[in-house]
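Counting starts at 1 for both ligands and their atoms, following the listed order. Treat the numbers as computed from the prediction; the structure is a model and nothing was measured.
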Amino acid sequence: MSRPQFARETSTRGEFVRQPNRFTDRVTADGSSGWPVEPGRYRLVVSLACPWAHRSVIVRRLLGLEDALSLAVVDPVRDERGWRFTLDRDGRDPVLGIGFLAEAYRATDPDYTGRVTVPSLIDTRSGRVVSNDYPRITLDLATEWRALHRPGAPDLYPEHLRAEIDAVNADVFRDVNNGVYRCGFATSQEAYERAYHALFDRLDALSERLAHQRYLVGDTITEADVRLFTTLVRFDAVYHGHFKCNRQKLTEMPVLWAYARDLFQTPGFGDTVDFDHIKRHYYGTHEQLNPNRVVPLGPDPSGWHTPHGREALGGRPFGEETPPV
Ligand SMILES: N[C@@H](CCC(=O)N[C@@H](CS)C(=O)NCC(=O)O)C(=O)O
């Protein structure tokens with residue numbers, strides 16, 4: 001099985017460069033985009049392994065959108081045909097009726113030759129891909145889908161904090177979310193070292209910020225915490241070894257480790273983490289990094305449930321709102 005897509009995305013300086021998202025339509029409250037918010041109409045296709053998709057799984061649950069927006073979970077290991085619905089009966093998604101996510105991409109754009117990625121938001125009526133624009137998907141769930149939120153859902157993207165959330169997200173994306181991939185997929189020593197230093201410098205800055213405040217922005221959870229969490233929760237299980245992000249483990253960075261545990265123990269976060277899918281995906285997919293595909297047994301995940309002590313910093317995860325049940 002050969003998967004050249006990451007090689008294709010490596011520039012001449014050995015830097016990993018991420019492909020832009022192809023499908024960028026939006027589901028909107030007023031339907032002006034042509035895709036109105038509607039309960040039961042759209043299907044969110046995710047891999048539980050994927051940090052970008054994991055964001056949308058967390059947000060969907062925090063906002064209580066489970067009934068309004070159904071979820072399809074792909075096999076964590078892709079074959080040469082890409083993401084597969086092999087976890088479902090007869091290897092087909094029961095709602096979309098397809099065996100491979102690529103079929104929805106081809107139905108939307110027969111000439112599509114790019115990567116078929118999760119998360120993807122699919123219109124169940126036409127079978128077309130509405131969006132694989134993962135940063136927009138979660139922001140739209142928080143803002144455009146408001147009419148379908150559960151009572152007591154938190155505001156993950158409050159207007160008065162948006163500029164600050166956007167600024168934090170930009171740094172976290174560049175140096176952390178995508179930074180771990182830039183370490184892992186660098187094909188030159190220089191590119192790897194640049195990515196490594198940017199990653200750990202940023203983690204140091206985030207540690208300083210989070211030493212004094214419970215959450216990244218404001219005193220409740222926001223989109224910014226969701227985005228940092230999905231990388232931190234994978235750090236020791238995959239990025240530290242598989243992607244060579246090994247100055248420290250998460251468990252050796254006390255502030256970030258406590259912050260990540262605090263989130264993990266908040267309803268909507270830890271209950272959406274699947275370490276089995278995460279490890280099988282990374283170690284079983286990137287042939288150039290792990291040709292024999294042996295999946296490590298560790299690390300022991302029991303530490304995630306230990307007390308974090310961050311209540312002392314003030315702040316409450318849901319503020320005046322309530323946790324999902
Ligand atoms: N759509 C985004 C992010 C989503 C993404 O990269 N998802 C990965 C899984 S973590 C994926 O679906 N990869 C499929 C592939 O590379 O063929 C991108 O292309 O950068």
Could you pull out every donor-acceptor pair under 3.5 Å between side chains of residues 314-321 and any protein atom, sequence neighbours left out?
from : atom 1 : to   : atom 2 : distance (Å)
R316 : NH1    : G319 : O      : 3.3
R316 : NH2    : E320 : OE2    : 2.9

Atoms in ligand 1 with a heavy atom of [X] nearer than 4.0 Å:
X: C50; value: 7 (N), 9 (C), 10 (S)
X: Y181; value: 10 (S)
X: R18; value: 3 (C), 6 (O), 18 (C), 20 (O)
X: N132; value: 1 (N)
X: Y134; value: 1 (N), 2 (C), 3 (C)

Quiz item: Is the shortest N/O to N/O distance between V118 and ligand 1 below 3.5 Å?
Solution: yes
Flag the pair [X] and [Y] as a salt bridge only when some basic side-chain nitrogen lies within less than 4.0 angstrom of an acidic carboxylate oxygen.
X: R174; Y: D171; result: yes
X: R26; Y: D140; result: yes
X: D109; Y: R22; result: yes

Quiz prompt | Selection residues 238-248 - residue pairs positive for salt bridge (charged side-chain N to carboxylate O under 4.0 Å, His left out), sequence neighbours left out | solution = D204-R247
Quiz prompt | Centroid-centroid under 6.0 Å between F229 and Y259 rings | solution = no
Quiz item: Do the two ring centres, one from F85 and one from F100, sit under 6.0 Å apart?
Solution: no
Quiz item: Which is closest to atom 15 (C) of ligand 1 by heavy-atom distance: H286, H281, R115?
Solution: R115
Quiz item: How does V116 reach ligand 1, by side chain, by backbone, by both or by neither, if only non-hydrogen atoms under 4.0 Å count?
Solution: backbone
Quiz item: Would you say R78 contacts ligand 1, with heavy atoms under 4.0 Å as the rule?
Solution: yes
Self-check item: Close approach, Y282 and ligand 1, non-hydrogen under 4.0 angstrom
Solution: no
